[in-house]
Amino acid sequence: MKKNTLFILLLCLMHMTAAKAIKIVHGPYLQDVGETEATLVWLSDSTSIGWVELFPDDGTNAYLQTRARYYDTAIGIKRECRIHSVTLKGLKPGTSYRYRVFAQHVLSHKGIRVHYGDIVATEAYKVALPRFTTLDTSKPETSFLIVNDIHQRNDVLSKLLSMGQVKSRDMVFFNGDMLNIFDSEAKFFDSFMDTAVKEFATDIPLYYVRGNHETRGQFADRFHDYVCPRKPNLYYAFQQGPVYFICLDTGEDKPDTDWEYSGITDYDNYRTEQVEWLKDVVRSKEFKKAKFRIVIGHIPPFDNQEPIWHGSQEVNEKFIPILNNSGIDLMICGHTHKYEYRDKVRGCDFPVIINSNNGVVTASTQGDRIHVKVQEADGTVSLEKDY
Ligand SMILES: [Fe+2]
């Protein structure tokens, strides 16, 4: 091939690459929604800067006027990346907002010169914008939905969300093991998260409680890029209406030394770190004065009818002594893939519900009671009880 033909081909190739329209490929989805802030996460297919436009939920046309803009930044600089996250701050409790997310292609960044390319945004023309509501501790009632151990089954996830009337809930919890192994970004989205976005996560707060399978694979250490990206930890506590939630990260089920972890884990120390945090949580004024207190964690405490695994032993020895005598109403777990109800046994002074890998837990407060229902995908009601 002649030199000038090669040059023309190269130019064409460069032009095609530059002309490729940027796309938003995943999200947006809500994370870390609180009373006065909310985080949005979305991904573009090329390196870009990102921002959110925030709209009041007042029915005005998206194109009425310039809207408040919040950039994806870190240390005061617009981040050039694909996984965008923005925490909207200064919001009002119990208030609905609408939003759009944007990405602008970064074509090159050399020295002090940045060349930006196309802008892409979520749809606003003749469609209802995504809309979320901040939490409100003074809200009289709340309701929520929990699924766990979906293990990459989009169809089961869709079915359980539909059975649990996801759109009517204040929030959704993923209680771990949503995938088998976190070995690629595509796995995270293709096997459950895109379904979550389609079904609810653009509008309804999602709280992700990590399971043990999320801790495996070459992307395991990047989990925090996608979940709670603007918070320091994957364990957290918050209140909605009358319910105070404690979300524990119970780590892996085997000892850190097990060959399956190839030496990458340090969960004993990580759980010990949570102990100090948990002590502060149960001592807090907000926790003590909440009407209901619910703990959500993937690995359940020890059931001494079966030989104990290390993860459960850790939960039993490190977390349960702090939770006992603290007024916990209920703990909700997964992991075993089998529905089970443990009523104040094995050292816990509160009931523990273990949801199966095909079950959905829905709960709603009704005055002085919390009504809890656990239903299997085949329609079987495993539990329906007031607390
Ligand atoms: Fe598990």
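Nothing fancy with the numbering, it's 1 onward along the sequence. Remember, it's 1-based here, ligands and their atoms both numbered in the order they're listed. Keep in mind it's a predicted model, so treat the numbers as computed, not measured.
Figure legend: Arg293 and Phe287 shown as a cation-pi pair, the cationic atom lying under 6.0 angstrom from the six-membered ring centre and within 45 degrees of its axis.
In summary, no N, O or S atom of Asn148 is located under 2.8 Å from the Fe ion (ligand 1).
Restricting Asp177 to its N/O/S atoms, the shortest distance to the Fe ion (ligand 1) is reached by OD2. When the N, O or S atoms of His298 are ranked by distance to the Fe ion (ligand 1), NE2 comes first. Nearest N, O or S atom of His335 to the Fe ion (ligand 1): atom ND1.
Considering all non-hydrogen atoms of both residues, Gly367 and Glu141 come closest at N-OE2, 3.0 Å.
Linking ILVMFWY side-chain heavy atoms closer than 4.5 Å, directly or via other members, places Leu135 and Val86 in a single hydrophobic cluster.
Using modelled atom types, one side-chain atom of Arg98 and one backbone atom of Pro56 make a donor-acceptor pair closer than 3.5 Å.
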